[in-house]
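Residue numbers start from 1 in every chain, and the chains themselves are labelled A, B, ... in the order their sequence lines are given, proteins ahead of strands.
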Number of protein chains: 2
Amino acid sequence: MKNRLRLLRAERDWSQGELATRLGISRQSVNAIETGKYDPSLPLAFRIADLFALRIEDIFLRDEEGAGE
Amino acid sequence: MKNRLRLLRAERDWSQGELATRLGISRQSVNAIETGKYDPSLPLAFRIADLFALRIEDIFLRDEEGAGE
DNA sequence: GGCGGTTGTCAAGGGAGCTTGACATAAACG
DNA sequence: CGTTTATGTCAAGCTCCCTTGACAACCGCC
């Protein structure tokens, strides 16, 4: 499960800490998700999608997706 | 976090056990998700969406969604 | 009556998600 | 030089997700 969180965050010029505050989670959790240590829970994935006004499928990618570009 | 799993399963005439097999999880997990005991992980939510050929947002609903209709 | 199939639920265990607190590194700035 | 900011990572702990195994209740059918 890959994700485009780091890219989306960079587009908005947010630090990990700032994103964490907006999501209501810790900075370490943002970092862990960005670096691929684990996937967010489904409710958190919805909050992330809502924050960026995107669909979950547009942020989190099945492992095959976007691999062979 | 509500979901339409029971409805989708009924449309296909699958038992909880049959759905569990198709998803690669236990029958108890299917039951727990249907009865709202907890939300699936994000990877599992993707498998569910793939199985029903729907988007995650069309199966799992934010708590407000569909509540005040 | 008994039997197979489905569902709900409990217990106990393990791994994943998230927390706080701390520390190290690097870059930017005075 | 020192300070601040951003990032990566570790440890310890708690809750949530998912497991296996079991049991009760219900239904339809013989």
Would you kindly give the OH-to-P distance between B:Tyr38 and C:dT9, to the nearest whole Å?
13 Å
Can you tell me whether the side chain of A:Arg27 and the base of D:dG8 have a donor-acceptor pair closer than 3.5 Å?
yes
Taking NZ from A:Lys37 and C1' from C:dT19, how many angstroms apart are they, rounded to a whole number?
15 Å
Pick the closest DNA chain C nucleotide for B:Glu18 and for B:Ala32 by heavy atoms, then say which residue is nearer the 5' end.
B:Glu18
Measuring only between side-chain heavy atoms, which start at C-beta, is A:Trp14 closer than 4.5 Å to A:Val30?
no
Using 4.0 Å as the upper bound for N to carboxylate O, is an ion pair formed by A:Arg55 and B:Glu57?
no
Check each residue of residues 40-50 of chain A for a non-hydrogen atom within less than 4.0 Å of any atom in DNA chain C, then write out the ones that pass by number, or none.
A:Pro40, A:Ser41, A:Leu44
Of all the nucleotides listed (D:dT19, C:dG17, C:dT19), which has the minimum atom distance to the side chain of A:Ile25?
C:dT19
In whole angstroms, the gap separating P of D:dT19 from CD1 of B:Ile33 amounts to 8 Å
From the set C:dA22, D:dG21, D:dT19, return the single nucleotide nearest to any side-chain atom of A:Gln28.
C:dA22
Flag the pair B:Arg12 and B:Glu18 as a salt bridge only when some basic side-chain nitrogen lies within less than 4.0 angstrom of an acidic carboxylate oxygen.
no
Between C:dA16 atom C1' and B:Asp39 atom CG, what is the distance in whole Å?
15 Å
Give a yes or no on whether the backbone of B:Pro43 and the side-chain of A:Asp39 come within a donor-acceptor separation of less than 3.5 Å.
no
Taking D:dG8, C:dG8, C:dT19 as options, the one with an atom nearest any side-chain atom of A:Ser26 is C:dT19
Length of the line joining A:Leu19:CG and D:dT5:P, which is rounded to integer Å:
19 Å
Calculate the interatomic distance between A:Gln16 atom CD and C:dA26 atom C1'; express it in whole Å.
14 Å
Over all atoms of both residues, closest heavy-atom pair of B:Leu23 and B:Arg47:
O-NE, 3.2 Å
Calculate, to the nearest 0.5 Å, the distance between atoms CD1 and CG belonging to B:Ile48 and B:Leu51 respectively.
8.5 Å
Counting side-chain heavy atoms from CB outward, which of C:dC10, C:dG8, D:dC18 is closest to B:Arg6?
C:dG8
Polar side-chain atom of B:Lys2 near backbone of B:Glu65 as donor-acceptor pair, under 3.5 Å
yes
Distance test, side-chain N/O of A:Asn31 to OP1/OP2 of D:dT7, below 4.0 Å:
no
What's the CG-C1' distance between A:Leu23 and C:dG17, to the nearest Å?
14 Å
Just to be sure I understand the rule, does B:Ser29 reach a base, reach only the sugar-phosphate, or reach nothing, if contact means heavy atoms closer than 4.0 Å?
base
Any side-chain N or O of B:Arg9 under 4.0 Å from OP1/OP2 of C:dT6?
no
